[in-house]
Amino acid sequence: MRPFIERLPKAELHVHLEGTLEPELSFELARKNGITLPFDTPEALVEAYDFHDLPSFLTIYYAGMSVLVDEDDFYRLTWDYLAKAASQNIVYAELFFDPQAHTARGVAFETVITGIRRAQQDAAQRLGVETQLILCFLRDMSAESAMEHLEMARPYLDWLVGVGLDSDEKDNPPTKFAAVFARAREMGLKLTMHCDVNQTDTLANIGQVLDDIGVDRIDHGVNSLQSDALWQEIARRRLGLTVCPVSNRFVVQSLTSAEIRDMLDKDMLVTINSDDPAYFRAYLNENFVALQEEGGFTADEIVTLVANGFEAAWLPDARKSEYRDLLDKAAAGRVDA
Ligand code: HPA
Ligand code: ZN
């Protein structure tokens with residue numbers, strides 16, 4: 001199945017750019033920016049990755065960002081991910097970024113978004129990878145800070161497709177950001193929010209993203225299966241769920257293959273994604289391969305999961321159809337996409 005998975009043209013809808021920072025690049029940028037890392041080698045840095053829940057991951061994830069300083073650093077981060085994506089036959093990606101994690105360190109919003117944008121344009125031209133950008137708010141920061149950053153983004157609205165919500169979910173429910181997301185909607189942006197796996201109050205939070213926020217998609221959202229009312233509403237609205245198997249394994253010791261199969265059986269729009277591939281040491285193909293092995297998915301089921309990624313994308317229907325045709329041809333072995 002690995003060669004089959006590798007050759008399929010794929011979409012990735014849940015990947016944090018800051019989560020694609022490879023240890024080797026950390027060291028290179030640290031050297032360039034005169035920053036001393038508390039490790040001697042990239043291998044030692046990886047050995048210190050000790051994730052067992054969301055907070056333990058986030059501590060290491062935010063510390064890692066200190067090496068991202070100037071516009072070229074954000075360009076390089078984005079370019080390296082997109083080159084990797086191209087090598088995995090990812091033809092379309094929606095990219096999260098966390099501006100508050102950078103402005104809090106004195107890096108200007110403009111520096112961050114301009115570097116990312118340049119790499120997106122170069123990747124479209126030189127690698128043939130189409131991308132759109134999603135601004136994520138950090139839910140453990142205030143709603144006022146989120147609103148300020150939404151306003152900072154106003155001059156760059158054409159560079160954004162949507163807004164998201166990430167970081168520590170505990171005691172930071174979706175409704176904390178209701179006004180921010182309502183304004184983002186007025187600005188013409190799509191809305192998504194993380195509902196991470198096995199969080200305190202997860203069912204209440206999933207209910208809020210449906211009823212109070214009116215999201216266009218849900219990131220993770222696996223726990224919705226525990227409530228008939230929630231999963232039925234998600235299925236009825238045909239909302240995409242961006243599930244991240246290897247990321248989940250750090251929290252629930254499984255790739256949630258049983259849950260993903262259950263979602264397919266319930267005709268939910270479940271998609272497969274990598275989340276923070278440099279930290280979890282698995283890009284999109286590795287997520288699919290591991291998931292297939294754990295869950296015994298058939299080739300047709302894999303194609304459905306990939307097709308769901310295009311259907312749940314924030315693209316015009318005509319563009320989605322083009323990608324779907326490309327996928328069907330590759331799956332049938334008619335073209336090497
Ligand atoms: N959940 C919450 N915050 C995050 C994640 C995630 O999966 N990845 C990066 N920040
Ligand atoms: Zn995420």
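When a ligand or atom number is given, it counts from 1 through the structure's own listing order. Both backbone and side-chain heavy atoms feed into the values below; hydrogens, waters and symmetry mates do not. Sequence positions, counted from 1, serve as the residue numbers for this chain.
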* Asked: From the Zn ion (ligand 2) out to just under 2.8 Å, does an N/O/S atom of H194 turn up?
  ->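 Under 2.8 Å: H194 contacts the Zn ion (ligand 2) through an N, O or S atom.
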Look at [X] together with [Y] and state whether they make a salt bridge at an N to O cut-off of under 4.0 Å.
X: E28; Y: K32; result: no
X: E286; Y: R281; result: no
X: D328; Y: R324; result: yes

query: Does a sphere of radius 6.0 Å around CG in D265 hold more than 12 heavy atoms from other residues, nucleotides or ligands, not counting ones at 6.0 Å or beyond?
result: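 Enclosed: over 12 neighbouring heavy atoms sit under 6.0 Å from CG of D265.
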Atom pair OH/CG of Y75 and D70 - distance to nearest 0.5 Å:
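Nearest 0.5 Å value for the OH-CG distance: 13.5 Å.
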Measure up the H194 and F96 rings against each other and bin them: parallel (under 30°), tilted (30 to 60°), perpendicular (over 60°).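 It falls in the tilted class, 30° to 60°.
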Query raised in the report: Is the Y279 ring parallel, tilted or perpendicular to the Y61 ring (thresholds 30°, 60°)?
Result: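 If you compare the ring of Y279 with that of Y61, the planes turn out perpendicular.
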Identify, by name, the N, O or S atom of [X] lying closest to the Zn ion (ligand 2).
X: H14; answer: NE2
X: D275; answer: OD1
X: H16; answer: NE2

- Y92 side chain reached by Y323 side chain, heavy atoms, under 4.5 Å: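 Side chain of Y323 against side chain of Y92, heavy atoms only: contact under 4.5 Å found.
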With the criterion set at N/O pairs under 3.5 Å, what does the list of contacts between the protein and ligand 1 look like, atom names and distances included?
residue: ligand 1; atom: 1 (N); partner: D196; partner atom: OD1; Å: 3.2
residue: ligand 1; atom: 1 (N); partner: D196; partner atom: OD2; Å: 2.9
residue: ligand 1; atom: 3 (N); partner: S167; partner atom: N; Å: 2.8
residue: ligand 1; atom: 7 (O); partner: H220; partner atom: NE2; Å: 3.2
residue: ligand 1; atom: 7 (O); partner: D275; partner atom: OD1; Å: 3.2
residue: ligand 1; atom: 7 (O); partner: D275; partner atom: OD2; Å: 2.8
residue: ligand 1; atom: 8 (N); partner: H16; partner atom: NE2; Å: 3.1
residue: ligand 1; atom: 8 (N); partner: D276; partner atom: OD1; Å: 3.4
residue: ligand 1; atom: 8 (N); partner: D276; partner atom: OD2; Å: 2.8

